[in-house]
Amino acid sequence: MFKGKKVIEVSGNSKMPIQQIKDQLVMNFLSWGKHFLIVFKTFAVRIHFMLFGSYLINDEKETKPRLSLRFNNGVINFYACSVKFIEEKLDEVYDWSCDVMSPLWDPDNAKRKLKANPAMMVCDALLDQNIFSGVGNIIKNEVLFRIKVDPRSIISKMPLKKINEMIRETRKYCFQFLEWKKAYVLKKHWLAHTKKICPRDNVPFTKKHLGKTNRRTFFCTSCQILYA
DNA sequence: CCGGTTGTTCAGCG
DNA sequence: GCGCTGAACAACCG
């Protein structure tokens with residue numbers, strides 16, 4: 001819709017020098033994991049929606065947009081998001097093969113990166129955007145429950161077969177997540193995230209803040225195996 | 001009304 | 001320079 005179009009007006013409460021965008025042609029829209037990229041000729045604008053961000057096309061909210069781009073055929077408004085400029089070539093900034101949902105996703109590359117981090121806890125590995133770009137905390141909890149792996153497990157102690165299964169199931173679950181999200185039925189399909197009782201063993205889940213980033217982690221010490 | 005969070009970055013400290 | 005912690009951001013839910 002706006003690809004190839006010229007930005008005729010820029011506004012927003014972003015502290016970045018967004019007026020640079022005025023009169024620029026949109027070359028492309030791309031994504032890398034949780035990053036949404038608006039590509040212009042000599043730079044790109046990186047939008048990260050964080051926890052609460054949103055966007056609207058030809059529509060607006062009560063709150064002021066962080067960034068608003070007007071074209072001759074419509075407008076796009078971004079709210080509560082982080083806006084950054086990328087001056088480097090995108091291929092130098094992004095490893096497209098670690099975007100879990102990209103056609104360029106390379107499971108062997110993920111495996112290599114995991115092997116290079118033998119002491120890592122698996123809950124940190126799944127949240128590492130340089131290994132599994134796009135995976136977040138909900139997906140972390142759900143994938144680990146589905147493959148029956150304790151989040152505190154250490155990468156080097158996990159059987160190669162489990163590593164392979166994790167890489168495979170992570171990508172698969174991300175696509176499933178998107179389908180449920182689009183149908184507004186995501187929450188009801190959670191098996192572990194925010195749950196109190198394990199649906200497999202009917203015992204209480206453990207809830208702990210784990211890993212380098214201390215994120216909420218829900219797991220079952222009965223059916224999820226600890227490799228340590 | 002308060003506490004918590006699907007996420008990331010940065011300042012400050014040891 | 002490092003790793004760690006807490007703050008900041010900001011919208012919505014229970």
Side-chain angles (χ1 to χ4, degrees), chain A residues 11-18 30-38 44-56 59-68 76-88 90 93-95 98-101 116-146 151-152 154-155 169-197 205-219:
Chain A
S11 59
N13 59 16
S14 167
K15 292 183 187 112
M16 302 306 287
I18 54 175
L30 297 174
S31 63
W32 178 84
K34 299 165 191 160
H35 297 195
F36 177 61
L37 302 163
I38 311 171
V45 173
R46 191 207 78 177
I47 306 285
H48 195 304
F49 292 104
M50 316 298 280
L51 268 74
F52 317 115
S54 61
Y55 72 93
L56 287 171
D59 198 2
E60 54 190 55
K61 298 196 170 200
E62 299 276 322
T63 55
K64 290 263 172 265
R66 177 71 28 88
L67 176 67
S68 174
I76 184 161
N77 295 315
F78 297 96
Y79 300 91
C81 57
S82 139
V83 177
K84 282 212 166 165
F85 282 80
I86 299 176
E87 311 285 349
E88 301 94 325
L90 291 181
V93 178
Y94 292 113
D95 174 358
C98 67
D99 180 337
V100 173
M101 298 189 67
N117 291 284
M120 214 178 203
M121 274 205 298
V122 70
C123 61
D124 284 328
L126 277 171
L127 290 177
D128 189 323
Q129 300 298 297
N130 282 314
I131 307 176
F132 296 102
S133 171
V135 170
N137 200 39
I138 298 173
I139 293 171
K140 173 200 79 179
N141 284 327
E142 291 297 313
V143 168
L144 289 172
F145 178 74
R146 275 153 220 261
R152 299 163 296 180
I154 304 301
I155 293 297
E169 288 303 313
T170 298
R171 178 170 165 88
K172 194 170 134 195
Y173 185 77
C174 284
F175 283 94
Q176 179 64 259
F177 184 104
L178 176 61
E179 288 312 308
W180 284 332
K181 179 80 181 166
K182 286 195 286 194
Y184 302 100
V185 293
L186 180 62
K187 249 186 209 184
K188 76 170 184 190
H189 289 284
W190 287 348
L191 299 178
H193 190 71
T194 71
K195 297 293 172 182
K196 297 221 166 19
I197 304 288
F205 266 122
T206 302
K207 176 186 167 186
K208 274 202 164 85
H209 287 80
L210 293 181
K212 284 187 296 199
T213 49
N214 271 308
R215 302 301 302 280
R216 277 202 307 174
T217 309
F218 300 83
F219 58 104

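Keep in mind that this is a model prediction, so the values were computed, not measured.
The side chain to side chain donor-acceptor pair (under 3.5 Å) test applied to A:His48 returns no partner, not counting sequence neighbours. A search for salt bridge (charged side-chain N to carboxylate O under 4.0 Å, His left out) contacts involving A:Lys172 returns A:Glu169, not counting sequence neighbours.
Nearer to the 5' terminus of DNA chain B, by closest-nucleotide assignment, is the contact made by A:His209 (compared with the other of A:Thr213 and A:His209).
One atom, CD of A:Gln129, and another, C1' of B:dT9, lie 14 Å apart when rounded to the nearest Å. Nucleotide C:dG3 holds its C1' atom 10 Å from the NZ atom of A:Lys212, rounded to whole Å. Put simply, CG on A:Asp124 is 15 Å from C1' on B:dG7, counting in whole angstrom units. Atom P of nucleotide B:dT9 and atom NE2 of A:His48 are separated by 7 Å, given to the nearest angstrom. Rounded to a whole Å, the CG atom of A:Leu127 is 14 Å from the P atom of B:dT9. A:Leu51 places its CG atom 13 Å from the P atom of B:dT9, with the value rounded to the nearest Å. Rounded to whole angstrom, the span from the CD1 atom of A:Ile138 across to the P atom of B:dT5 amounts to 12 Å. Rounded to whole Å, the distance from CD1 on A:Ile86 to P on B:dT8 is 14 Å.
In this structure, the separation between CD1 on A:Ile155 and CD1 on A:Ile131 is 7.5 Å, given to the nearest 0.5 Å. A distance of 9.0 Å separates OG of A:Ser133 from CG of A:Asp95, quoted to the nearest 0.5 Å. Residue A:Asn130 holds its CG atom at 10.0 Å from CG of A:Asn117, rounded to the nearest 0.5 Å. Note that CD1 of A:Ile138 and NZ of A:Lys187 are 8.5 Å apart. Values are rounded to the nearest 0.5 Å. Of the inter-residue distances, the one linking A:Leu178 atom CG with A:Tyr173 atom OH reads 11.5 Å to the nearest 0.5 angstrom. Rounding to the nearest 0.5 Å places CG of A:Asn77 at 8.0 Å from CG of A:Asp59.
The number of heavy atoms from other shown groups lying within 6.0 Å of OH (A:Tyr55) does not exceed 12.
Ring planes of A:Phe36 and A:Phe78: tilted class, angle from 30 to 60°.
Partner A:Ser82 forms a side-chain hydrogen bond (donor to acceptor under 3.5 Å, both in side chains) with one of A:Arg46, A:His35, A:Arg66 and no other, that one being A:Arg46.
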Polar-atom pairs under 3.5 Å, protein N or O versus N or O of nucleotides 10-14 of chain B: list them with distances, or write none.
unit_1: B:dC10; atom_1: OP1; unit_2: A:Lys84; atom_2: NZ; d: 3.3

Could you go through nucleotides 8-14 of chain C and list every protein N or O atom that sits under 3.5 Å from one of its N or O atoms, giving the distance for each pair?
unit_1: C:dA10; atom_1: OP1; unit_2: A:Arg66; atom_2: NH2; d: 2.4

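Of the side-chain N and O atoms in A:Arg46, one or more sit less than 4.0 angstrom from OP1 or OP2 of B:dT9. Distances shorter than 4.0 Å separate none of the side-chain N or O atoms of A:Arg215 from OP1 or OP2 on B:dT5.
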Intra- and interstrand pairs of DNA chain B - dot-bracket, Watson-Crick/G-U under 3.5 Å, | marks other strand
.||||.||||||||

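Backbone-only engagement by A:Lys34 is indicated by non-hydrogen atom pairs under 4.0 Å involving sugar-phosphate atoms exclusively.
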Distance-only check: which donor-acceptor pairs under 3.5 Å involve side-chain atoms of residues 212-219 of chain A, not counting sequence neighbours?
unit_1: A:Thr217; atom_1: OG1; unit_2: A:Lys140; atom_2: NZ; d: 2.9
unit_1: A:Thr217; atom_1: OG1; unit_2: A:Arg215; atom_2: O; d: 2.9

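Spacing of P atoms, B:dG4 relative to C:dG6, comes out at 14 Å, to the nearest Å.
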